[in-house]
Each structure stands twice: as structure tokens, then as C-alpha cells.
Number of protein chains: 2
Amino acid sequence: MITSGPTRQYLDPVRYLTNASSGRMGAALAGAALALGHDVVMISGPVSVDYPDGVELINVLTTQEMLQAAGEAFQDCDGAIGAAAPCDYMPRHVSTQKLSKTGEPLQLELIETPDVIATLGQSKRQDQWVVGFALETDDRRFRATVKLERKHCDLMVSNGPEAINSSENQVELLDPSGDVIEHIRGTKEHVAQRLLHQIHHRLLTS
Amino acid sequence: MITSGPTRQYLDPVRYLTNASSGRMGAALAGAALALGHDVVMISGPVSVDYPDGVELINVLTTQEMLQAAGEAFQDCDGAIGAAAPCDYMPRHVSTQKLSKTGEPLQLELIETPDVIATLGQSKRQDQWVVGFALETDDRRFRATVKLERKHCDLMVSNGPEAINSSENQVELLDPSGDVIEHIRGTKEHVAQRLLHQIHHRLLTS
């Protein structure tokens, strides 16, 4: 199973919080996994990228929808790769009417959304694995290692904001002890092939 | 000149506030205007729609960028159609680092962005005209009329949130006295042709 793309958290019927995740890394991972003979279930937020033919695509809008769809699909999967960038804050109050401008500042209280990959990591069976992505602007390796542990991931891909909506990526792959297994740089297709190679080597043959 | 698509207002290097405007209404208006022999300058936020060949396309990201590009381009244009849905709130403080989740709520203070069409409406010359779009969920006609007056528009197109990212639209066209000139319903191409017809009839021949 692969999660991909952004999610949206609406303030009102028109405005929402999101990020520029394009789904390209997810599409590349799906292509690499299909090429290795895997069945792929893709849980994706709204993107304009085309996913490869042959994936089972489940479209979602919000982080809660992604969590629910991923939780259900994960039961029948060997493992999960969390390439999505779910919106991780949502407004505490959502207006059913479009908020009208008043000329005054708008105080918005945001609360954290449930964490999709952490939820999968906590609930995984002994025979299942979870690979996370960490996108950080500062202290990347440290924060990625903290996330790896907190989310009970088996591997963590650390990358930066320059990955967003780009055709290329530059990542570090971390194992549960926080060691860097591999630096990978190149097109997202290349990065995806190397990640699938590592997953095969470390998680599927064990 | 046509403004089109959404804009983004970033909280930090990753997260932003936006809306689902697709640019389809702008693309349809550009096609209708080109078919009538006009030159078209298109000021567009990030969209995945393809604009017709022949438009002069200026890409922007934020509302401030749209305002600046539109203000400059408008000098050389007969009139402006505001089909964009600029993000109308922005965080007072923008973080240069990705905000880390703390487990606590995040208090976000949003302030209004400058209004692109109102700025054009206030600065237009005697020989220029401005057509606005109002998207409302409630009290549509009343709020559209208020916006028409406040933004110094010559015509106002009133529509609802079902127009967003749809291939069809249903609008009311209001004149400066608040009267409904025409109800238009159908594909965005059809709506665009009728709007251009009204602009020709009421604003270009006077």
C-alpha cells in the first residue's frame, strides 16, 4: 500500500489548508513496485499526476479520510509506504458558510490531525512493515530519526521541501537505529527504484 | 486582462491556505475573448488547466504577486475580468522553518490580503472597465451587489461554491444598480460566451 499526495483541511466551504505535494513520488513508487510484480493499493489525496495503470486507486480528500481508507486497506497488505503529505493541522471549528471578510484579523485555532503512518505503525502485525517519509527544513536527520521511532517505522526516508512538486529528489534512508543506509539522489523514478530495492532486501526477505 | 485560478498564502515553507479554483472559468473566458479577436493577458495562480494558445500568460503564486502583476498589466488593457479566486486571508506571521507539531493547538492569526479586483476597480481610468466574480454560499445576490459597489465593478458575476473545479456553472450577471441582467447556466464555455457577449454589448460599445 502506498499513500500519496496532499490532503486538505477546510476552514469553510471554500478555503482550506494544504501543501503542494504532487503525488509524483507516490506514482514513481507505484511504478517501481508494479515492475517488481507487487499488487499496489494507492490511497491518494487530490493530485493531477497520473498514477500507473494497474494500481488500485482510492481517492480521498481529508487526512481523516486517508487514515480510514489506509487503515482498512492495510489489513490485506504486506506493508505500507507513506509517501503522502497529509495536512497535519485542521481548524478546530469548520464554518458551514463561507466566512465573510470583516476588515478584522481572523483568529484560527488549528489542532493536529491524526497521524496516518504513526497509526499504521502502531497497529501493524509482526509480518507487516511500514516505511515513512519525513520532510523537514531543519535538523533533518535528527527529526527523521525521532519520527521513525515515534511512528514505529521500519525504514524512514528523510527529504527536504525542495522535493515538493519536483521531478527530482535527494533523500537519506534511515534504519531503526538511526543509521543512514543509503543516500539516494536523482529522478523520483530512480529514488523509487532504490527504495524498493532496499525494501525488498531488508523487509521482504527477512 | 483576465485573472484566473487560486493563489496561495504560506504559513511556513510547506503549508499554505488556498482554495480549489481550477482556472477553468478563466480558460473559458480567454477562449471566448480570443474568438472575438481580443488580445488576452492572463494572470494566473497555480493551476493544472491548459490555457488556450495565444494568451499572454503571467504565472503568480500569492495574492500580492497577482495584485502586482495585474496592476501592471491593466495599464495597457481595455478592461479586466476577475475570474481568479485569490486567497483573501494570509498569516500575519510566516515561519521560515517548517512548524513542528507539538501536540498543542496552533493559534494562527490571519489578516486580509489586498483585494485585487477592488484595487483595479478603484484605479481604473474612465475608458476602462472591470468585471468581478462573487462566490458566496449565502445571501448571494445581496452580497454580490455589495461587492459590486465596494469594488467599483461595471458588472458582477454571482455564483456559488458548486462552480469550483466544475466543468459547469450557473451564474447571475448583475449591473451596477444591482439588477439581474441575465441568468446563465451551462458549461463554463457557454457561460464565458454569454459573459463576453454582455461585455461587448454593455462595456465595449458604449
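Model, not experiment: these values are computed from the prediction. In the text below, chain A, chain B and the rest are named by the order of the sequence lines, each starting its count at 1.
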*Quick one: are Gln170(A) and Val191(A) in side-chain contact, heavy atoms under 4.5 Å?*
no
*Just wondering, more than 12 heavy atoms not from Asp127(B) lying within 6.0 Å of its CG?*
yes
_Glu149(B), CD atom: more than 12 neighbouring heavy atoms under 6.0 Å_ = no
Side chain, backbone, both or neither: which part of [X] has a non-hydrogen atom closer than 4.5 Å to chain A?
{"X": "Asp138(B)", "value": "side chain"}
{"X": "Thr18(B)", "value": "both"}
{"X": "Ser100(B)", "value": "both"}
{"X": "Leu11(B)", "value": "side chain"}

*Heavy-atom pair count under 4.5 Å with chain A, highest-scoring of Thr137(B), Leu110(B), Asp115(B)*: Leu110(B)
*Between Gly103(B), Cys87(B), Pro91(B), Ala85(B), the one whose heavy-atom pairs under 4.5 Å with chain A are most numerous*: Gly103(B)
*Quick one: which of Glu136(A), Gln97(A), Arg8(A), Gln9(A) has the most heavy-atom pairs under 4.5 Å with chain B, could you say?*
Gln97(A)
*Between Ser4(B) and Tyr51(B), does any side-chain donor sit less than 3.5 Å from a side-chain acceptor?*
yes
*For Ser177(B) and Asp175(B), which heavy atoms make the closest approach, and how far apart are they?*
OG-OD1, 2.7 Å
*Charged N to carboxylate O below 4.0 Å: is that the case for Arg141(B) and Glu172(B)?*
yes
